[in-house]
Enquirer: 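Okay, here's the structure, questions in a sec.
Residue numbers start from 1 in every chain, and the chains themselves are labelled A, B, ... in the order their sequence lines are given, proteins ahead of strands.
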Amino acid sequence: MAALTLKDLIKREERITPGHRLCPGCGEALFIRQALLAVDEPVVMAVATGCLEVSTTIFPFTAWRIPWIHCAFENAASTIAGVEAAYNALQRRGKELPRIVFMGVAGDGGTYDIGLQALSGAMERGHRMIFICLNNEAYSNTGYQRSSATPIGAHTTTSPAGKAIPGKPQHRKNLTFIMAAHEIPYVAQTTVWRWRDVVEKVRKAAQVDGPSFINVLCPCVPGWGINSDETVEISRLAVETCVWPLFEVEEGTKWTLNYRPKEKLPVEEWLKPQRRFAHLFKDEKGREVIRALQERVDKEWEFLLRLCGEG
Amino acid sequence: MGRKVMALEGNQAVALAMKQCKPDVVAAYPITPQTEVVQYFSQYVHNGEVHTEFIAVESEHSAMSACVGAAASGARAMTATSSQGLALMWEILYIAAALRLPIVMALVNRSLSANINIHCDHSDAMGARDTGWIQLFSENAQEAYDNMIQAVRIAEHPEVLLPVMVNYDGFIISHSVETMEVLDDEDVAKFVGEREADISLLDLEHPVTMGPLDFTDFYFEHKRQQLEAYKAVPKVIEEVGRQYGELTGREYGLLEAYRMDDAEVALVVMGSAAGTAKVAVDERRDSGEGVGLVKVRVFRPFPAKQLSDLLGKVKVAVVLDRATSPGAEGGPLYTEVRSALYDLDSRPLTMNVIYGLGGRDISLEHFHQIMDWAFDAARKGEVREPLRFAGVRE
């Protein structure tokens with residue numbers, strides 16, 4: 001597989017058109033555009049209910065130049081599994097079809113929470129699909145409610161920063177590890193900072209003859225309380241603080257770290273520019289939460305380094 | 001043309017019909033009393049007897065979702081379930097119909113929890129009556145088999161393009177061995193043909209966006225258009241039923257009128273109870289009493305006109321429901337029949353009898369009792385108890 005340069009990418013036909021209604025600076029928009037440009041083959045996509053779906057298909061308009069379906073919230077994985085099964089059966093019935101890349105896309109709500117069962121089932125059954133989690137760490141489409149991807153301490157509308165409880169009391173769960181435990185051919189974690197990391201991971205996933213999963217940290221401008229020109233910088237800080245390490249796992253056992261920060265920054269560097277964490281800097285209770293987050297990040301980072309043979 | 005007589009369980013017959021219809025994709029999850037359908041079908045797949053992609057999903061919700069994805073890709077998609085499984089599919093049932101996807105589902109009718117009960121009633125299907133699915137009911141294994149085959153033709157008809165649910169009673173039909181006639185594989189293949197979809201997610205030259213966001217400015221029009229689709233359905237069901245009759249000698253319509261000539265009392269029934277009821281009707285006819293039966297084969301779309309034509313001249317129509325509609329005037333079939341009769345110049349008296357919930361047996365004696373109630377009402381010219389129960393301990 002030849003690596004793609006930026007020059008190659010800009011020559012390709014856009015598969016999602018401008019004019020969609022995602023927010024300026026939306027991490028999902030940055031990712032999905034690059035992901036689609038990265039794939040050589042035709043793509044058929046199933047998208048879960050969420051920001052990406054509602055912002056790109058307001059009838060009678062559509063931003064998609066690829067075959068695309070939205071079924072419901074929790075079932076992007078099983079819907080695209082049905083598409084892939086149809087493809088296999090129709091080929092067996094004698095239809096001539098080129099190699100198609102099947103993509104299931106959901107937010108963290110549709111992946112970590114309500115869609116986890118359908119996703120786990122689809123991965124276990126081995127459908128040839130890339131499942132992409134556009135992880136903005138909450139239910140952004142309904143106005144930023146907490147999910148199991150929301151980090152501890154974050155203010156969301158269902159884990160508000162209150163006098164008694166400073167934001168979300170629980171740590172997020174580590175879904176990328178859960179997906180790696182499915183021992184599928186390819187699992188990766190990325191974010192919209194280094195475009196090459198995004199492009200290469202999507203291309204790798206597209207070539208897999210089986211299921212693959214990519215967890216993408218996608219900053220949400222209104223939900224995180226950042227400016228629309230800060231998306232890439234916040235993503236960078238997520239990586240530099242090791243809140244969101246870039247890594248990949250092949251067949252559940254071959255772990256590779258794709259980027260090691262020269263100097264691991266404290267989590268405050270990632271928290272500070274985001275309004276959803278502002279309350280944590282105001283009192284001792286908040287600082288305690290920051291310490292808990294730092295502890296968790298350190299522990300997970302050490303564990304990841306060991307898995308990647310970088311310890 | 002080949003037909004052979006076999007002794008088959010209802011589930012076996014339905015799995016065979018599925019195999020003979022050559023579905024591209026079957027996505028299903030086991031649940032009593034449907035389980036055998038999935039088992040038999042997996043065996044066909046593992047023996048290499050079908051080209052089908054069988055997706056052994058992790059839930060019924062995913063079964064219906066995968067069927068949506070498959071049917072939207074131009075595949076012939078099928079599934080089978082019962083009771084709680086149908087309940088779990090709920091939100092996707094509406095989506096399958098609204099996206100105009102010709103999915104065929106065998107629904108082995110079973111009661112709904114709580115309390116948990118694996119036996120037959122029609123509450124699962126009746127709850128799904130407004131999802132937009134065409135609903136066929138079967139009296140026995142032969143009809144379940146015949147309905148499955150016809151369902152493919154009905155669903156995929158270009159004027160229909162709607163999902164079809166083939167209902168047959170859990171255990172009573174699904175697990176009873178019956179002598180029945182099955183068609184040769186080639187005859188079924190010829191009858192149902194192959195699915196060729198006009199719109200498909202795999203048509204790369206014509207990319208489509210399916211299931212978009214549809215707000216106050218268009219949603220209503222789309223729902224209005226969906227309603228139009230059901231107008232063509234009865235005619236297609238009758239046409240397919242006639243053609244199936246030419247092939248097999250068993251012709252099907254929207255409903256079956258049994259000994260309705262000059263009937264004073266009519267029973268209106270769906271499913272396996274129609275078999276027992278027919279025997280009871282015969283016994284009454286033998287002793288010279290004017291009683292007949294109407295078996296409703298198609299519940300959605302509801303054959304209101306045909307029913308009112310048949311029931312217009314009787315004195316008392318007794319509607320039997322194997323489901324309840326808590327808080328309503330009676331069971332779902334009863335309220336539909338009552339509404340169908342409203343425009344008649346002279347309407348029969350009506351009674352509703354709820355029977356067989358959770359698989360409670362309904363016997364010949366029960367039917368005689370029900371007919372006694374009806375003849376009594378006919379004599380008195382009034383129905384004192386419009387809602388009664390057969391076979392329950394009060």
Enquirer: Say you draw a straight line from CD of A/Glu53 to OG1 of B/Thr209; how long is it, rounded to the nearest 0.5 Å?
Expert: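 Atom-to-atom, A/Glu53:CD and B/Thr209:OG1 are 11.0 Å apart.
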Enquirer: Looking at CG of B/Leu213 and OG1 of A/Thr62, how far apart are the two atoms once the value is rounded to the nearest 0.5 Å?
Expert: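 B/Leu213 CG to A/Thr62 OG1: 11.0 Å, rounded to 0.5 Å.
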Enquirer: Got a second to check how far A/Met45's CE is from B/Leu201's CG, nearest 0.5 Å?
Expert: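 Nearest 0.5 Å value for the CE-CG distance: 12.0 Å.
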Enquirer: Of the non-hydrogen atoms in A/Ala89 and B/Asp24, which two are nearest, and what is the gap between them?
Expert: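 What the structure gives for the nearest pair is CB-O, 3.2 Å.
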Enquirer: Please classify the contact between A/Ala118 and chain B as side chain, backbone, both or neither, with a heavy-atom cut-off of under 4.5 Å.
Expert: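 It is both, since atoms from each part get that close.
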Enquirer: Against chain A, label B/Ala56 side chain, backbone, both or neither, depending on which of its atoms sit under 4.5 Å from a heavy atom there.
Expert: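 The backbone, not the side chain.
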Enquirer: Distance check, rounded to the nearest 0.5 Å: A/Ser78 atom OG versus B/Glu60 atom CD?
Expert: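 Here the rounded value is 12.0 Å.
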Enquirer: Please flag which part of B/Val57 lies under 4.5 Å from any non-hydrogen atom of chain A: side chain, backbone, both or neither.
Expert: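 The answer is both parts of B/Val57.
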Enquirer: Determine, for B/Glu196 against A/Lys95, whether the closest basic-nitrogen to carboxylate-oxygen distance falls under 4.0 angstrom.
Expert: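 Looking at A/Lys95 together with B/Glu196, the answer is yes, because their closest N to O distance falls below 4.0 Å.
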Enquirer: Non-hydrogen atoms of chain B under 4.5 Å away: do they reach the side chain of A/Val44, the backbone, both or neither?
Expert: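 Contact with chain B involves the side chain of A/Val44 alone.
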Enquirer: Against chain B, label A/Ile80 side chain, backbone, both or neither, depending on which of its atoms sit under 4.5 Å from a heavy atom there.
Expert: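 Contact with chain B involves no heavy atom of A/Ile80 at all.
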Enquirer: Measure the shortest side-chain to side-chain distance between A/Pro60 and B/Phe218 over non-hydrogen atoms and say whether it is less than 4.5 angstrom.
Expert: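 A side-chain contact exists here, since the closest heavy-atom pair is under 4.5 Å.
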Enquirer: Check whether any side-chain heavy atom of A/Asn75 sits under 4.5 Å from a side-chain heavy atom of B/Val68, and report yes or no.
Expert: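 With C-beta onward as the side chain, the pair stays apart.
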Enquirer: Between A/Val43, A/Thr57, A/Ile66, which shows the greatest number of heavy-atom pairs under 4.5 Å with chain B?
Expert: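 Heavy-atom pair counts peak at A/Thr57.
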Enquirer: Picking from A/Gly121, A/Pro98, A/Pro67, which has the most non-hydrogen pairs under 4.5 angstrom with chain B?
Expert: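 Max contact count across the listed options: A/Pro67.
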Enquirer: Give, for atom CG of A/Leu97 and atom CG of B/Asp203, the distance between the pair rounded to the nearest 0.5 Å.
Expert: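 Atom-to-atom, A/Leu97:CG and B/Asp203:CG are 9.5 Å apart.
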Enquirer: What part of A/Ile100 is in contact with chain B, defined as an atom under 4.5 angstrom from a non-hydrogen atom: side chain, backbone, both or neither?
Expert: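 A/Ile100 touches chain B through side-chain heavy atoms alone.
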Enquirer: To the closest 0.5 Å, what do you measure between CZ (A/Phe102) and CG (B/Leu202)?
Expert: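 Answer for the CZ-CG pair, A/Phe102 versus B/Leu202, is 6.0 Å.
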Enquirer: Tell me, for B/Ile95 versus chain A, whether the close heavy atoms (under 4.5 Å) come from the side chain, the backbone, both or neither.
Expert: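 The answer is the side chain of B/Ile95.
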Enquirer: Within residues 125-146 of chain A, which positions have a heavy-atom distance to chain B below 4.5 Å?
Expert: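 Residues A/Arg125, A/His127 are the ones that qualify, each having a heavy atom under 4.5 Å from chain B.
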Enquirer: Side chains of B/Glu58 and A/Ser120: closer than 4.5 Å at any heavy-atom pair?
Expert: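 No, too far: nothing below the 4.5 Å cut-off.
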Enquirer: I'd like to check B/Arg195 versus A/Arg93 (side-chain heavy atoms, cut-off strictly below 4.5 Å). Are they in contact?
Expert: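 B/Arg195 reaches A/Arg93 side chain to side chain.
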Enquirer: Please look at B/Ala72 and chain A and tell me whether the side chain, the backbone, both or neither of the residue comes under 4.5 angstrom of a heavy atom of that chain.
Expert: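 For B/Ala72, the side chain is the part near chain A, not the backbone.
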Enquirer: By a 4.5 Å heavy-atom criterion (distance strictly below it), what part of B/His222 contacts chain A: side chain, backbone, both, or neither?
Expert: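 For B/His222, the side chain is the part near chain A, not the backbone.
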Enquirer: Looking at every heavy atom in both A/Cys71 and B/Ile92, which two are closest together, and how far apart are they?
Expert: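 Closest approach of A/Cys71 to B/Ile92: SG-CG2, 4.0 Å.
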Enquirer: Can you give me the closest heavy-atom contact between A/Val83 and B/Ser73, atom names plus distance?
Expert: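 Minimum heavy-atom separation between A/Val83 and B/Ser73: CG1-OG, 3.3 Å.
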